[in-house]
Amino acid sequence: MTHEQRDPLRAGAVVTGAGRGLGREIARVLHERRLTVHATDLDAEAVSETARLLGPPAWSSALDVRDPEACRAAAAAAARRAGSLAVWVNNAGVLLTGPAWEQDDAARRLMLEVNAVGTINGTLAALEHMCPADAGHVVNVISLAGLVTAPGETVYAASKHAALAFSLGTLSDLRRAAIRGVHISCVCPDGLWTPMLHDKLDDPEAALSFSGRVLMPDRVAADVARLLDRPRPVTTIPRWRGVMARAFDLSPRLAVRSTGLVVRVGRLKQRRLARRIAAGRWPPS
C-alpha cells in the first residue's frame, strides 16, 4: 500500500511509545482491529521494527511527544494516509526513581515533559481532527501512580496525576461543548513487565511498582482494545487495586503511615520475582 492508497475499512490510529513493550502490544491489537496504525517512538529503529512486525498498512515514524508541532504532524499524517483519525493512544512514558530532592533538574523535567506535557500535546493534536468530525477516541495510559501517592516515584506520580487531571477535565469540556462522539479514556494499570521495569528489579525505590500484581503487556493492551467498544473515563487494572488506591486517597494520613509496609511488600515481591526469573519461570509463556 503506497502513501496515497487508502483502505476504506481502515481508519487511522496513532500510538506513541510503540517501539517496544506495552506500546508495541497496543499497536498490534489496533492493527488486528483493522486500523491503519501509525506507530511512533523517540527510537526510530525500534518503532520501525514494530511496523515491520505488524505488516502493511502499519507504518512508523520517530516522534518526540514533548514537541507539540511534531504531534500535530503525526496526527495529520495518520489522518491523511487513512482518511480519518479514529484513535490516538498516549503511551510514551519515562520512570526515574528516587526522592525528588535527590533527582536533578533534568530528570524531574524529563518526566513532567514526557508523561504530562506529552499527553497534553498528543491529546490536543488528536482533538484537532476528532472534534470537527465529532468522532474519535483518545486513550491515555496513566498508571495506578496517577491515582495514589507513590513513595520512591514521587515526580513520576506527580506527572501522572497531572495527565489524569488533564484527561478528565478535557473530557468534561468536550461534553460542555456538546461534543458527544469524542471520548477520552484513562488506563491505570498496576506494575507492567516492560522495559521500563526490567532494570528496576533490584531498585528499592521502585518497590511500589512491584507491590501488587505485575502485569504482562498483552493483558493491558486487550483492555485498551475493549475500551474502544465501551469507553470509560478511568479503568484500573486490576480493578481491586483501583479500589485500594481510592481508599488511600480518602485518607492521606493512612496512606503516609502505610508507606513503610507497602514498600516492604514491594521489596519482597521484587526478590521473589528475581528468583523466578533466575529459575526460568518468568515471564509466563
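Numbers here are sequence positions counted from 1. Since this is a predicted model, take the numbers as computed values, not measurements.
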CZ (Arg180) with more than 12 external heavy atoms under 6.0 Å: yes

Leu168 backbone acceptor or donor facing Ser172 side chain under 3.5 Å: yes

Asp67 side, atom CG; Arg72 side, atom CZ - distance, nearest 0.5 Å: 9.0 Å

Ion pair check, Asp223 and Arg219, cut-off under 4.0 Å: yes

Distance, nearest 0.5 Å, that separates SG of Cys71 from CZ of Arg66: 11.0 Å

Lys160 side-chain N/O to Ser143 backbone N/O, donor-acceptor pair under 3.5 Å: no

Glu25 side-chain N/O to Val220 backbone N/O, donor-acceptor pair under 3.5 Å: no

Pairwise distance CG(Leu174) to CG(Leu127) - rounded to 0.5 angstrom: 5.5 Å

For Thr119 against Phe166, the heavy-atom pair lying closest together: O-CE2, 4.3 Å

Gap between atom NE2 of His137 and atom CH2 of Trp88 - 0.5 Å precision: 15.0 Å

Gap separating the CG atom of Leu54 from the OG1 atom of Thr36, nearest 0.5 angstrom: 11.5 Å

Joint hydrophobic cluster, Leu35 plus Val139, side-chain heavy atoms closer than 4.5 Å: yes

In one Ile/Leu/Val/Met/Phe/Trp/Tyr side-chain cluster, 4.5 Å: Leu227, Leu192: yes

Criterion side chain to side chain contact (heavy atoms under 4.5 Å, CB included) against Asn140, the qualifying member of Asn91, Thr170, Val187, Asn90: Asn90

Main-chain N/O of Ala27 paired with His31 side-chain donor or acceptor, under 3.5 Å: no

Shortest non-hydrogen contact from Asn115 toward Ala92: OD1-O, 4.3 Å

Expected output: side-chain Arg108 to main-chain Gln103 donor-acceptor under 3.5 Å: yes

Path from Ile184 to Val89 over hydrophobic side-chain contacts below 4.5 Å: no

Distance (rounded to the nearest 0.5 Å) between Met130 CE and Ser84 OG: 9.0 Å

Main-chain N/O of Ala44 paired to Asp41 side chain as donor or acceptor, under 3.5 Å: no

Ring geometry between His38 and Trp59 (parallel below 30°, tilted from 30 to 60°, perpendicular above 60°): parallel

Shortest non-hydrogen separation from Leu85 to Ala75 and the atoms involved: CD2-CB, 3.9 Å

Steps toward side chain to side chain contact (heavy atoms under 4.5 Å, CB included) verdict (Arg264, Arg267): CA-CA 5 Å; Arg264 285 194 296 274; Arg267 286 295 291 147; 5.7 Å; no

Glu102, CD: over 12 other non-hydrogen atoms inside 6.0 angstrom: yes

Donor-acceptor under 3.5 Å (Gln270 side chain, Asp203 main chain): yes

Presence of salt bridge, Asp43 and Arg20, under 4.0 angstrom: yes

Main-chain N/O of Ala46 paired to Arg24 side chain as donor or acceptor, under 3.5 Å: yes

NZ/NE/NH1/NH2 to OD/OE distance under 4.0 Å, Asp229 and Arg33: yes

Ile237 backbone acceptor or donor facing Asp190 side chain under 3.5 Å: no

Joint cluster assignment, Ile26 & Val47, ILVMFWY side-chain distance < 4.5 Å: no

Cluster overlap Leu110 with Val155, hydrophobic side-chain contacts below 4.5 Å: yes

Side-chain (Ser60) to main-chain (Ala39) donor-acceptor, under 3.5 angstrom: no

Where Ala206 and Thr97 come nearest, the two heavy atoms and their spacing: CB-CG2, 3.9 Å

